[in-house]
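Report on one structure; see the data block that follows.
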Protein chains: 2
Amino acid sequence: MKARILPHEFLEQMSGALRVLGHAYRLRIVEHLDLRGPAPGHQLLAELGGAQGALSQHLARLRQAGVIQAERRGKEVWYSLAAPAALTILNCMRKRQGEGK
Amino acid sequence: MKARILPHEFLEQMSGALRVLGHAYRLRIVEHLDLRGPAPGHQLLAELGGAQGALSQHLARLRQAGVIQAERRGKEVWYSLAAPAALTILNCMRKRQGEGK
DNA sequence: TAAATATATCATGATTTGATGATATGTCAA
DNA sequence: TTGACATATCATCAAATCATGATATATTTA
């Protein structure tokens with residue numbers, strides 16, 4: 001595959017997505033959804049800790065960036081991964097971590 | 001490969017690196033160094049445009065994050081990619097772009 | 001040494017981000 | 001309808017980021 005220069009608009013989108021992932025707590029959310037599958041907000045809160053309002057805002061940013069999906073079920077809202085690209089990045093990190101880099 | 005929960009300190013490092021890549025101009029720098037190989041600052045400036053001071057500061061951030069290397073040769077400073085992880089992310093984006101996602 | 005080129009740094013202000021605590025909204029069950 | 005639970009939003013403030021223009025440093029050449 002020959003790499004061509006990425007279009008400006010696309011680069012803007014992607015840099016936005018990377019910036020959203022550039023936060024330890026949000027990365028932790030993505031990791032959790034990947035390892036344990038979809039989960040409601042209160043479960044994420046119980047496992048990851050922190051303030052409820054903060055979690056909600058982080059989830060909102062991930063949703064706006066298209067990294068996760070949200071679906072209300074009764075009084076819960078279930079979150080799940082929506083962007084394969086985010087997973088690719090996460091797995092890239094896992095590999096580096098495994099190599100001790 | 002079984003994915004284990006990433007250590008906190010590592011997650012902090014990685015989120016920092018992602019945040020550094022989360023800027024269109026800096027992504028453009030990384031892309032340029034990948035496509036055309038190492039280059040001195042003034043060449044990057046000529047091709048990418050913008051203010052010289054801004055370029056210098058973006059290069060500094062990329063260097064601090066370990067994404068690029070710098071080496072002085074005479075009055076020039078040559079920059080080159082230093083982080084395979086950054087390339088993996090870039091290639092991941094190229095693939096998505098190619099798929100029109 | 002002086003000028004020219006290449007790069008780095010600094011000061012400033014505007015904008016964004018992040019954390020916190022409080023409050024509002026939505027949903028279900030008693 | 002009231003209360004409990006789950007989630008979202010708001011207000012505020014501190015800190016980080018970003019763009020800009022000016023200035024400083026380093027290196028080579030005249």
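This one's a predicted model, so the numbers in the text were calculated from it and none came from an experiment. Note on naming: letters A, B, ... go to the chains in the order of the sequence lines (proteins, then strands), and numbering restarts at 1 for each one.
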Within residues 65-77 of chain A, find the residues that approach DNA chain D with a heavy atom at under 4.0 Å, and present them sorted by residue number. Lys75(A), Glu76(A), Val77(A)

Could you pull out all residues at least two apart from Ser56(A) that satisfy side chain to side chain contact (heavy atoms under 4.5 Å, CB included)? Gln52(A)

In short, salt bridge (Lys or Arg N to Asp or Glu O under 4.0 Å) pairs touching residues 46-60 of chain A with sequence neighbours left out are Arg36(A)-Glu47(A)

Counted 5' to 3', the first and last nucleotides of DNA chain C within 4.0 Å (strictly under) of a heavy-atom of chain A are dT17(C) to dC28(C)

From CG (Leu18(A)) to CG (Leu21(B)), nearest 0.5 Å: 6.0 Å

Taking the side chain as everything from C-beta on, heavy atoms only, tell me whether Leu59(B) gets closer than 4.5 Å to Leu44(B). yes

How many Å lie between CG on Leu44(A) and C1' on dT7(D), as a whole number? 12 Å

Verify the contact: side-chain N or O of Arg26(B) to OP1 or OP2 of dT17(D), cut-off strictly under 4.0 Å; return yes or no. no

Applying salt bridge (Lys or Arg N to Asp or Glu O under 4.0 Å) as the test, list every pair that has at least one member in residues 10-22 of chain A; sequence neighbours left out. none

Closest approach of Gly66(B) to Ala82(B) (non-hydrogen atoms, all atoms of both residues): O-CB, 3.7 Å

Do Trp78(A) and Glu76(A) come within less than 4.5 Å of each other through their side chains, counting heavy atoms only? yes

Applying salt bridge (Lys or Arg N to Asp or Glu O under 4.0 Å) as the test, list every pair that has at least one member in residues 53-70 of chain A; sequence neighbours left out. none

In what stems does DNA chain D take part, counting only runs of at least 3 consecutive Watson-Crick or G-U pairs whose two distances fall under 3.5 Å? C:1-30 with D:1-30

Between residues 49-57 of chain A and DNA chain D, which residues have a heavy-atom gap below 4.0 Å? Gln52(A), Gly53(A), Ser56(A), Gln57(A)

Transitive ILVMFWY cluster of Leu35(A), excluding itself - 4.5 Å side-chain cut-off: Ile5(B)

List the atom pairs, donor and acceptor, that lie under 3.5 Å between side-chain atoms in residues 23-32 of chain B and the rest of the protein, sequence neighbours left out.
{"residue": "His23(B)", "atom": "ND1", "partner": "Tyr25(B)", "partner atom": "N", "Å": "3.2"}
{"residue": "Tyr25(B)", "atom": "OH", "partner": "Gly49(B)", "partner atom": "O", "Å": "2.7"}
{"residue": "Arg26(B)", "atom": "NE", "partner": "Val20(B)", "partner atom": "O", "Å": "2.6"}
{"residue": "Arg26(B)", "atom": "NH1", "partner": "His58(B)", "partner atom": "ND1", "Å": "3.1"}
{"residue": "Arg26(B)", "atom": "NH2", "partner": "Val20(B)", "partner atom": "O", "Å": "3.4"}
{"residue": "Arg28(B)", "atom": "NH1", "partner": "Leu6(A)", "partner atom": "O", "Å": "2.6"}
{"residue": "Arg28(B)", "atom": "NH1", "partner": "Glu31(B)", "partner atom": "OE1", "Å": "3.0"}
{"residue": "Arg28(B)", "atom": "NH2", "partner": "Leu6(A)", "partner atom": "O", "Å": "3.2"}
{"residue": "Glu31(B)", "atom": "OE2", "partner": "Leu6(A)", "partner atom": "N", "Å": "2.6"}

So what does Tyr25(B) touch, heavy atoms closer than 4.0 Å: a base, only the sugar-phosphate, or nothing? nothing

List for me each residue that meets salt bridge (Lys or Arg N to Asp or Glu O under 4.0 Å) alongside Glu71(A), sequence neighbours excluded, and say none if there are none. Arg73(A)

DNA chain C nearest-nucleotide lookup for Gln43(B) and His58(A): closer to the 5′ end is Gln43(B)

Does anything in residues 37-56 of chain B pair up under ring-ring contact (aromatic ring centres under 6.0 Å, His included), and if so which pairs, sequence neighbours excluded? none

Count I, L, V, M, F, W, Y as connected when their side-chain heavy atoms are under 4.5 Å apart, and connections chain through other members. Are Leu33(B) and Leu45(B) then in the same cluster? yes

